[in-house]
There are 2 protein chains.
Amino acid sequence: MPNQARPGTGEQARQLALGQLREAILRGEMAPAQRLVENELAEQFGVTRASIRAALIELESQGLVERIRNRGSRVRVVTVEEAVAITECRLVLEGLCAAKAAAAVTDAQVTELEDLGTAMRKAVADGEPLTYSELNHELHARIREFSGQATAVELLERLNAQLVRHRFQLALRPGRPQQSLNEHLAMIETIAARDPQAVEAAVRAHLTSVIEALRD
Amino acid sequence: MPNQARPGTGEQARQLALGQLREAILRGEMAPAQRLVENELAEQFGVTRASIRAALIELESQGLVERIRNRGSRVRVVTVEEAVAITECRLVLEGLCAAKAAAAVTDAQVTELEDLGTAMRKAVADGEPLTYSELNHELHARIREFSGQATAVELLERLNAQLVRHRFQLALRPGRPQQSLNEHLAMIETIAARDPQAVEAAVRAHLTSVIEALRD
DNA sequence: CCAAACAAGATTGTCAACAATTTTGTTCGC
DNA sequence: GCGAACAAAATTGTTGACAATCTTGTTTGG
């Protein structure tokens, strides 16, 4: 069964189309509100229209594309208000995950988080906002992962996918990384201290600050 | 354009299949873990297989159906552990909604909630657990609605759909409605008092109690 | 008698053509 | 010139047939 061994080889057309299209949207290659014509996409990715359709339906229910009956699909544009509302949901869900993680992390996992913290400090000191943004994303992902809360992780990944564009804009804002850094370090410290309530507070403080930054 | 006017008439095949299948699962007509063969469903609902496939893909990403490559679809069974994890997510998200609702409700909306509370009291006094369960669901839905938090509402509705079976079991447990009632009345009171923090605490207390009840 | 290879049946995945709908450009009447 | 009716092009929705895959029951060799 050489199927699920190498993704890309045994991968079926729909899965492939879904993955490629999703990546393209997340990379920002598709302009916001760009029309997604099924025929063009089918040719572009070398699959049939049926596969593209299936992928579009799935991406719609993930909130990445918008579909209107008989009118086609577009890349969904997330307004600032929506981004705020989404981040409010992130705030409570990541708070939940972080609290659970604080109660469950191993010493090795704490070390991993602290290493990430060190790398983030360096990225800010070196003035590399994109590296920092990358590490930022990674830190949040790890904390989610350590929580063991599969349902919340799934919801959060869905929400995060909708915020790619706003994340980019935020990362490149001067002064933003410095403030963000302190909040992240506080999250790491409180997890290292295994203090669920303090972590939840730290996560909430961090994302409240993100919400304020989004509204400019 | 007599299209979106009457749903059911101008409704397209895929939408129709999605609605029917979703309703059937939510009503519990499909046994848990039951196989969902595309051909059978297509004949049953009088649509083509392609429409059924599209519906199944959508239901999968809503967590109601499980699909395995080349092996078909089944009604997803939610274990007790998963139900607990889902309820934990509900806890934080409904807490968010309730807090927002407390800050935004009109007097008319408060009256509506209080009327629901009265009806719930009556249902418990009359010993009608199913009516109570119905009102319970309605109360939660209204509070969500009043929050104006579209993103959270969407997530919560997705989560709630996965819990239908457990909700039923819980409603019929002797003594459960009485305890639940007090918690619900507390939620209504704190919203009426426009106290966001108190509401959030009340919602959390309520759903913590639900989690305890789930674990029996 | 048991295990592995094999073959038949069932089911899902994919494809290309057709039908229905919407959008856009054009013409006609005022 | 302007607006409404109309026609053509583009695009999505649907259909049935075909290919790939998996499951199940049978056979064969040990």
Side-chain angles (χ1 to χ4, degrees), chain A residues 1-22 24-25 30-62 64-76, chain B residues 1-22 24-25 30-62 64-76:
Chain A
M1 54 193 80
N3 246 348
Q4 65 266 34
R6 255 187 315 172
T9 301
E11 206 150 11
Q12 286 180 315
R14 181 186 133 240
Q15 297 279 328
L16 189 136
L18 177 66
Q20 298 230 4
L21 190 48
R22 193 183 147 88
I25 293 175
M30 306 291 194
Q34 178 176 335
R35 286 204 59 185
L36 300 172
V37 179
E38 297 181 358
N39 263 327
E40 293 176 8
L41 295 174
E43 193 173 359
Q44 183 176 339
F45 294 135
V47 298
T48 55
R49 241 189 69 202
S51 305
I52 292 291
R53 270 181 80 77
L56 286 173
I57 290 173
E58 193 154 351
L59 289 174
E60 179 190 27
S61 70
Q62 285 182 19
L64 287 179
V65 310
E66 212 171 12
R67 280 164 54 82
I68 310 174
R69 275 187 26 166
N70 296 319
R71 299 237 272 150
S73 312
R74 324 176 84 85
V75 179
R76 193 168 92 90
Chain B
M1 53 195 80
N3 248 346
Q4 66 266 33
R6 256 186 311 172
T9 300
E11 205 149 11
Q12 284 179 312
R14 182 188 131 237
Q15 298 278 328
L16 188 135
L18 177 65
Q20 298 229 2
L21 190 48
R22 195 182 144 89
I25 293 175
M30 307 291 193
Q34 177 175 339
R35 287 205 60 186
L36 300 172
V37 178
E38 296 180 358
N39 263 326
E40 293 176 8
L41 295 174
E43 192 174 358
Q44 183 176 338
F45 294 135
V47 299
T48 54
R49 238 189 71 203
S51 305
I52 292 290
R53 272 180 78 76
L56 285 173
I57 290 173
E58 194 153 351
L59 288 174
E60 179 190 26
S61 71
Q62 286 182 18
L64 287 179
V65 165
E66 213 170 14
R67 279 163 56 82
I68 310 175
R69 274 187 26 168
N70 298 316
R71 297 235 273 151
S73 312
R74 322 175 85 84
V75 178
R76 193 167 93 89

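Below, chain A is the first sequence line, B the second, and so on; all start at residue 1.
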Worksheet item: How long is the gap from CG on A:Leu41 to CD1 on A:Ile52, to the nearest 0.5 Å?
Response: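 The CG atom of A:Leu41 sits 5.0 Å away from the CD1 atom of A:Ile52.
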Practice prompt. Could you grab the distance from atom CD of A:Glu60 to atom CD1 of B:Ile57, nearest 0.5 Å is fine?
Written response: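 Going from CD on A:Glu60 over to CD1 on B:Ile57, the span is 12.0 Å.
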If I take atom [atom1] in residue [X] and atom [atom2] in nucleotide [N], what distance separates them, rounded to the nearest angstrom?
X	N	atom1	atom2	answer
B:Leu16	D:dG13	CG	C1'	14 Å
A:Gln15	D:dA20	CD	C1'	15 Å
A:Ile52	D:dG13	CD1	C1'	16 Å
B:Ile68	D:dT23	CD1	C1'	13 Å
A:Ile57	D:dT14	CD1	C1'	12 Å
B:Arg69	D:dT23	CZ	C1'	17 Å
A:Leu56	D:dG13	CG	C1'	13 Å
B:Arg53	D:dG13	CZ	P	16 Å

Fill in: Touch class at under 4.0 angstrom, heavy-atom based, for A:Arg14 against every strand present
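Sugar-phosphate contact only.
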Item to complete: Ignoring hydrogens and angles, answer whether the base of C:dG13 and the side-chain atoms of B:Arg71 contain a donor-acceptor pair closer than 3.5 Å.
Response: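 Per atom types, no contact qualifies.
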For [X], salt bridge (charged side-chain N to carboxylate O under 4.0 Å, His left out) partners two or more places apart:
X	value
B:Arg49	B:Glu38
B:Glu40	none
B:Arg76	B:Glu82
A:Arg14	A:Glu58

Worksheet item: D:dT12 phosphate, OP1 or OP2: any side-chain N/O from A:Arg74 under 4.0 angstrom?
Response: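 False: A:Arg74 side-chain N/O out of range (4.0 Å or more) of D:dT12 OP1/OP2.
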Worksheet item: Between C:dT14, D:dT21, D:dG13, which nucleotide gets closest to the side-chain atoms of B:Asn70?
Response: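 Per side-chain heavy atoms of B:Asn70, the pick is D:dT21.
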Worksheet item: Of all the nucleotides listed (C:dT22, D:dT14, C:dC15), which has the minimum atom distance to the side chain of A:Ala50?
Response: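 Side chain of A:Ala50 sits closest to C:dC15.
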Discussion item. Taking side chain to side chain contact (heavy atoms under 4.5 Å, CB included) as the definition, give me every residue that meets it alongside B:Ala50, ordered by chain and number, with sequence neighbours left out.
Written reply: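 For B:Ala50, the residues satisfying side chain to side chain contact (heavy atoms under 4.5 Å, CB included) (neighbours in sequence not counted) are B:Thr48.
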Worksheet item: Hey, can you pull the residues of residues 30-44 of chain B with a non-hydrogen atom under 4.0 angstrom from DNA chain D?
Response: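 Heavy-atom contacts with DNA chain D come from no residue of residues 30-44 of chain B; none.
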